[in-house]
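Worksheet: one structure, shown below.
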Amino acid sequence: IDGHGTGLAPPTEQEWQEMVVTQKVFDQHQSEPPSLPMSYDISLQPYFPKVGDQGSQGSCGAWASTYYCYGYLEAKDNGWTDAKEGTNLSHLMSPAWTFNRVNSGGTAGSWMSDNFQVIIEWGVPSLATMPYDDGDALGWGGPAAYREAPLHRASSYSTDYYVNGNTAINEIKSSISSNIPVSFALDAYEYSGNLGDNILTASEYSSTTYNHANAFVG
């Protein structure tokens, strides 16, 4: 879309059911939200990775989950205050590592939870040892990447579905104000013609499909 890849591949019905068994899946929330700040933006913190570019590759699920969400948490845990600058590739997590393991041999995109599962089982190396190349959807990395990956592993992730309206909004606000970024799916075609002010509002967005992954930060 507009020269950039999307690449969201939703889970199958069987995968959704397996997720219910193996992951923390929330389908009910408190009706009353906790006390929340008027505004909050984790992308202003020095730990949030510098905005990158997936290029033409359909690796949005990996960028949203691995590079941004987990990359922020890993930088915060390790005190990497230069992540926002993006100059030290050793302090940025590699979306190529997770995407190239879950993209069906380069023929499909990926869902965010698939990438998170790789981080749990394999870990993930930095961009310094597993560089991103939007022309390479098959490379699994060299020895240095395999040695580094186990140093950066997640223990779990949570999935919210069957949640909408104010319940969803309050859940997202609660997570972000607790320094937990949230990946989500949307229709990237809705960007076209709606970003004159760089803001895509609910009144402008009109779609029931999704093909692209992004991350909420504030």
Side-chain angles (χ1 to χ4, degrees), residues 22-26 29 33-54 59-102 110-132 141 144-160 163 168-186 212-218:
T22 60
Q23 300 300 325
K24 299 175 182 176
V25 180
F26 300 100
H29 299 273
S35 178
L36 297 171
M38 290 298 294
S39 63
Y40 201 84
D41 187 350
I42 61 176
S43 70
L44 299 178
Q45 298 178 22
Y47 313 109
F48 195 81
K50 181 180 180 180
V51 174
D53 187 349
Q54 73 183 83
S59 54
C60 62
W63 277 89
S65 57
T66 307
Y67 181 80
Y68 292 115
C69 290
Y70 185 70
Y72 162 75
L73 294 172
E74 193 68 358
K76 194 171 189 298
D77 284 347
N78 287 281
W80 295 339
T81 56
D82 55 0
K84 188 174 179 61
E85 300 171 6
T87 54
N88 186 350
L89 299 184
S90 295
H91 292 170
L92 301 172
M93 297 293 97
S94 174
W97 173 267
T98 60
F99 176 69
N100 288 12
R101 280 163 172 71
V102 297
S110 65
W111 189 251
M112 289 81 81
S113 61
D114 294 332
N115 290 274
F116 284 131
Q117 196 61 42
V118 171
I119 299 173
I120 290 173
E121 296 178 2
W122 293 66
V124 56
S126 66
L127 275 173
T129 55
M130 180 67 179
Y132 178 76
Y146 276 85
R147 287 193 294 268
E148 184 185 23
L151 302 177
H152 308 291
R153 297 179 65 184
S155 59
S156 65
Y157 65 92
S158 299
T159 302
D160 283 17
V163 180
I169 293 172
N170 289 330
E171 179 66 21
I172 293 168
K173 287 182 176 181
S174 178
S175 294
I176 292 175
S177 63
S178 300
N179 292 322
I180 301 174
V182 179
S183 61
F184 70 102
L186 81 164
H212 193 39
N214 280 187
F216 285 122
V217 297

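Since the structure is predicted, the reported quantities are computational estimates derived from the model, not experimental observations.
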| task | Please check if the side chain of Ser177 supplies one atom and the backbone of Ser174 the other of a donor-acceptor pair under 3.5 Å. | result |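 Looks like yes, one N/O pair under 3.5 Å.
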
| query | Has the side chain of Thr98 got a donor or acceptor atom that lies under 3.5 Å from a matching backbone atom of Thr66? | reply | no

Considering only heavy atoms from C-beta outward, does the side chain of [X] approach that of [Y] to under 4.5 Å?
X	Y	result
Leu127	Pro95	yes
Pro49	Lys84	no
Val217	Asp41	yes
Arg101	Glu121	no
Glu171	Ser175	yes
Val118	Asn115	no
Phe116	Cys69	yes

| field | Qualifying residues under side chain to side chain donor-acceptor pair (under 3.5 Å), relative to Ser183, sequence neighbours excluded | value |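 Once residues adjacent in sequence are excluded, Ser183 has no partner under the side chain to side chain donor-acceptor pair (under 3.5 Å) criterion.
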
Between [atom1] on residue [X] and [atom2] on residue [Y], distance to nearest 0.5 Å:
X	Y	atom1	atom2	answer
Ser126	Leu92	OG	CG	8.0 Å
Thr129	Leu89	OG1	CG	10.0 Å
Met93	Ile119	CE	CD1	9.0 Å
Gln45	Tyr40	CD	OH	5.0 Å
Ser178	Lys173	OG	NZ	13.5 Å
Leu36	Ile176	CG	CD1	10.5 Å

So which atom in [X] and which in [Y] form the shortest heavy-atom distance, rounded to 0.1 Å?
X	Y	value
Pro125	Glu148	CB-OE1, 3.5 Å
Ile42	Phe48	O-CB, 3.6 Å
Ser65	Gly61	OG-O, 2.6 Å
Tyr157	Ile120	CD2-CD1, 3.6 Å
Ala213	Met112	CB-SD, 3.6 Å
Met130	Asn100	CE-ND2, 4.3 Å

| Ring centres under 6.0 angstrom apart (Trp97, Tyr67) | no

| task | Please identify each residue that fulfils side chain to side chain contact (heavy atoms under 4.5 Å, CB included) with Asn78, with sequence neighbours left out. | result |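 Glu74, Trp80.
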
| Going through the checks in order, is the side-chain contact (heavy atoms from CB on, under 4.5 Å) test met by Val102 and Gln117? | CA-CA 10 Å; Val102 297; Gln117 196 61 42; over 6 Å; no

| task | State whether a side-chain donor-acceptor pair under 3.5 Å links Tyr132 with Ser59. | result |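 A donor-acceptor contact under 3.5 Å links the two side chains.
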
| request: Would you kindly say whether Tyr68 and Asn214 are connected by a side-chain donor-acceptor distance under 3.5 Å? | output: no

